[in-house]
Amino acid sequence: MALEVIVLAAGLGKRMHSDLPKVLHQVAKEPMLFHVLKTANALNPSKIHVVLGHQSQKVADALESLEPELRQKLVLAIQSEQKGTAHAVMQALPNLSANNQVIVLYGDTPLTPKVDLENLLAALEINSMTLLTATVDNPFGYGRIIRNEAGRIECIVEEKDATPEQKAIHEINTGMIATTTEVLQEFLVQIGNNNAQGEYYLTDLAGLLVKAGRAVGLVGATAPEMLAGVNNKMQLSVVERLYQESKANELMMAGLTLADPKRFDLRGELTFGKDCFIDTNVIIEGKVVLGDNVTIGTGCVLKDVTIGDRSEISPYTIMEKSELKVHTTIGPFARLRPGNVLEDEVHIGNFVEVKNSHIMNGTKSGHLTYIGDSDIGENTNIGAGTITCNYDGANKHRTTIGANVFIGSDTQLVAPVTVQDGATIGAGTTVTRTVPANALFVTRAQPRTLADYQRPTKKAKK
Ligand code: UD1
Ligand code: CA
């Protein structure tokens with residue numbers, strides 16, 4: 001028996017007040033639907049059916065960016081009119097294979113824990129259907145679990161159909177169920193829409209199965225707060241915080257020191273060695289890898305970077321798609337744009353921007369500089385205010401600087417240009433041709449001093 005997952009994602013999301021389909025709103029910079037699909041995939045299903053409706057083309061296009069391994073498991077079904085959750089499942093049903101287990105998930109419940117789904121499947125061994133339930137402080141809006149005198153489930157009643165007594169019940173339906181294709185084929189067609197919303201409710205399956213004498217099992221959610229559905233921007237922010245809190249806890253339990261887990265945002269994957277420290281308000285995006293003893297200062301944004309052992313990134317440094325080797329010191333207020341390799345002991349100081357450059361061991365650029373499309377040798381010093389003029393208005397060109405070079409402050413290097421090993425560039429120079437090894441190169445206007453110079457004065461107003 002294989003497993004198939006159905007993800008319901010056809011809803012309009014009216015309360016988001018947005019042109020973006022609800023399931024594409026992001027948690028940790030990734031569409032909610034992707035979180036659900038990744039959890040579904042972790043259960044190793046043969047197929048994942050996604051029911052699309054509202055703006056289905058936009059959602060289908062977004063799905064193209066998923067990893068091929070997951071993408072190839074997706075089977076899309078279109079629900080052109082949103083007539084309820086049972087009607088939605090019905091649209092996917094023809095694509096399911098006989099004699100399989102089926103799990104139904106919601107695209108707007110991105111944090112659904114995998115363990116709860118495993119528990120649903122385990123309980124399915126002795127039931128025709130299992131439901132994930134939770135007991136919550138505020139059950140408003142949820143379907144309530146109605147039990148008989150013996151304590152067995154009788155049915156589920158939706159908020160809008162519930163009597164005042166039923167509304168007082170705190171045991172709710174999270175919406176996630178496990179069952180089989182056979183049960184769906186037999187019972188889905190029996191669901192009607194004679195209710196307050198005129199919708200075909202998937203939740204009516206419970207009552208139908210019980211009436212037919214089939215066993216329905218209830219499984220309690222391990223962390224009920226994780227099953228909060230997102231209907232508006234407030235709930236989106238709650239889910240985002242829950243996600244961040246759980247990720248921060250995971251990282252700390254694995255040995256990362258966070259100055260404050262409440263002021264840390266992970267929007268991708270972080271791996272790290274021993275004794276790393278991350279100060280407040282740091283944002284991690286994409287794939288970030290830290291070696292041992294790496295320190296990240298407050299306010300840094302790191303996206304797709306690898307940072308070697310003992311490196312220190314000072315506050316408010318922004319870096320993307322770069323590789324930093326051992327004991328580099330960067331910032332404060334530095335910007336590394338994509339394509340850099342900074343070798344051991346490189347120092348990049350404040351207000352220095354580096355792009356698409358390879359900088360060798362021990363080279364320093366302390367202040368106010370632009371290094372773009374450059375190759376720089378070891379132990380070179382780049383003075384304050386140096387600019388590699390890499391763009392001629394049409395094309396980009398490279399700057400090559402050797403080892404043990406000294407570039408004086410306020411130098412412009414007009415690429416393509418080469419400064420050979422050991423050369424010295426005087427402050428204020430514009431380098432437009434190759435500087436030979438060990439030479440001094442300087443371009444400077446002849447200094448003039450005019451004694452007792454009289455500045456212009458303002459004309460008197462008429
Ligand atoms: C649903 C459950 C309720 C449960 C709650 C948990 C039903 C009838 N009710 O209510 O018992 O407590 O979830 O959050 O199932 N969808 C479609 N097509 C449709 C209707 C919905 O794809 O025609 C999708 C939505 O996009 C959403 C999910 O199904 O992802 C749930 O639908 P929603 O309308 O939000 O159901 P609730 O009223 O929250
Ligand atoms: Ca909902």
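Just so you know, ligand 1 is whichever comes first in the structure, and atom 1 is the first atom listed for that ligand. Each residue takes its place number in the sequence, starting with 1. The shown structure was predicted, so the numbers you read here are calculated from the model rather than taken from an experiment.
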Next on the checklist: For Thr174, which part has a heavy atom under 4.0 Å from ligand 1: side chain, backbone, both, or neither?
Outcome noted: backbone
Checklist entry - Could an N or O of ligand 1 be found under 3.5 Å from any N or O of Gly141, whether backbone or side chain? => result no
Next on the checklist: With respect to Gly84, determine whether any N or O atom, backbone or side chain, lies less than 3.5 Å from an N or O atom of ligand 1.
Outcome noted: yes
Checklist entry - Heavy atoms, side chains only, cut-off 4.5 Å: are Asn340 and His358 in contact? => result no
Checklist entry - Side chain, backbone, both or neither: which part of Ala88 comes within less than 4.0 Å of ligand 1 when only heavy atoms are counted? => result side chain
Item to check | Test side-chain contact (heavy atoms from CB on, under 4.5 Å) applied to Ala40 - qualifying residues, sequence neighbours left out | outcome: Val5, Ile48, Leu105
Checklist outcome for this item: If we number the atoms of ligand 1 from 1 as shown, the ones under 4.0 Å from a heavy atom of Lys83 are 23 (O)
Next on the checklist: Regarding ligand 1, does Glu158 bring an N or O atom to under 3.5 Å of one of the ligand's N or O atoms?
Outcome noted: yes
Next on the checklist: Is the terminal nitrogen or CZ of Lys396 (NZ for Lys, CZ for Arg) located under 6.0 angstrom from the six-membered ring centre of Tyr391 and within 45° of that ring's axis?
Outcome noted: yes
Item to check | Mode of Gln79 contact toward ligand 1 - side chain, backbone, both, neither (heavy atoms, under 4.0 Å) | outcome: side chain
Checklist outcome for this item: ligand 1 to Gly143, heavy atom cutoff 4.0 Å, flagged ligand atoms 3 (C), 4 (C), 11 (O), 12 (O)
Next on the checklist: For Ile172, state whether at least one heavy atom is located under 4.0 Å from any atom of ligand 1.
Outcome noted: no
Next on the checklist: Using heavy-atom distances only, which candidate in Asn173, Leu12, Val89 approaches atom 5 (C) of ligand 1 most closely?
Outcome noted: Asn173
Next on the checklist: What I want to find out is whether Asp108 reaches Lys22 closely enough, with some N-O distance under 4.0 Å, to be called a salt bridge.
Outcome noted: yes
Checklist outcome for this item: For Tyr201, the ligand 1 atoms with a heavy-atom partner under 4.0 Å come out as 8 (C)
Next on the checklist: Using the side-chain contact (heavy atoms from CB on, under 4.5 Å) criterion, which residues pair with Thr39? Sequence neighbours excluded.
Outcome noted: Lys114, Leu117
Checklist entry - Quick one: do the His25 and Ser18 side chains pair a donor with an acceptor below 3.5 Å? => result yes
Next on the checklist: Any non-hydrogen side-chain atom of Leu63 less than 4.5 Å from a side-chain atom of Phe34?
Outcome noted: yes
Item to check | Side chain to side chain, Ile191 and Leu208, heavy atoms closer than 4.5 Å | outcome: yes
Checklist entry - ligand 1 versus Ala86, non-hydrogen atoms closer than 4.0 Å: side chain, backbone, both, neither? => result neither
Checklist entry - Ala9 heavy atoms, cut-off 4.0 Å: which ligand 1 atoms fall inside? => result 22 (O)
Checklist entry - Is there a side-chain contact between Leu336 and Ile318 (heavy atoms, below 4.5 Å)? => result no
Checklist entry - Which ligand 1 atoms does Thr85 reach within 4.0 Å, using its non-hydrogen atoms? => result 7 (C), 8 (C), 15 (O), 20 (C), 21 (C), 29 (O), 31 (C), 32 (O)
Next on the checklist: Does the plane of the ring in Tyr243 sit parallel, tilted or perpendicular to the ring in His35? Use 30° and 60° as the thresholds.
Outcome noted: perpendicular
Checklist outcome for this item: Closest to atom 35 (O) of ligand 1 by heavy-atom distance, out of Ile156, Asp204, Leu205, Asp108, is Asp108
Item to check | Verdict with reasoning, Ile172 to Arg144, per side-chain contact (heavy atoms from CB on, under 4.5 Å) | outcome: CA-CA 5 Å; Ile172 60 110; Arg144 308 297 204 282; 4.1 Å; yes
Checklist entry - Can you check whether Ala10 has an N/O within less than 3.5 Å of an N/O in ligand 1? => result yes
Item to check | Per-residue contact class, Glu199 against ligand 1 - non-hydrogen pairs under 4.0 Å | outcome: neither
Item to check | Residue Gly107 vicinity, atoms of ligand 1 by number, heavy atom under 4.0 Å | outcome: 30 (O)
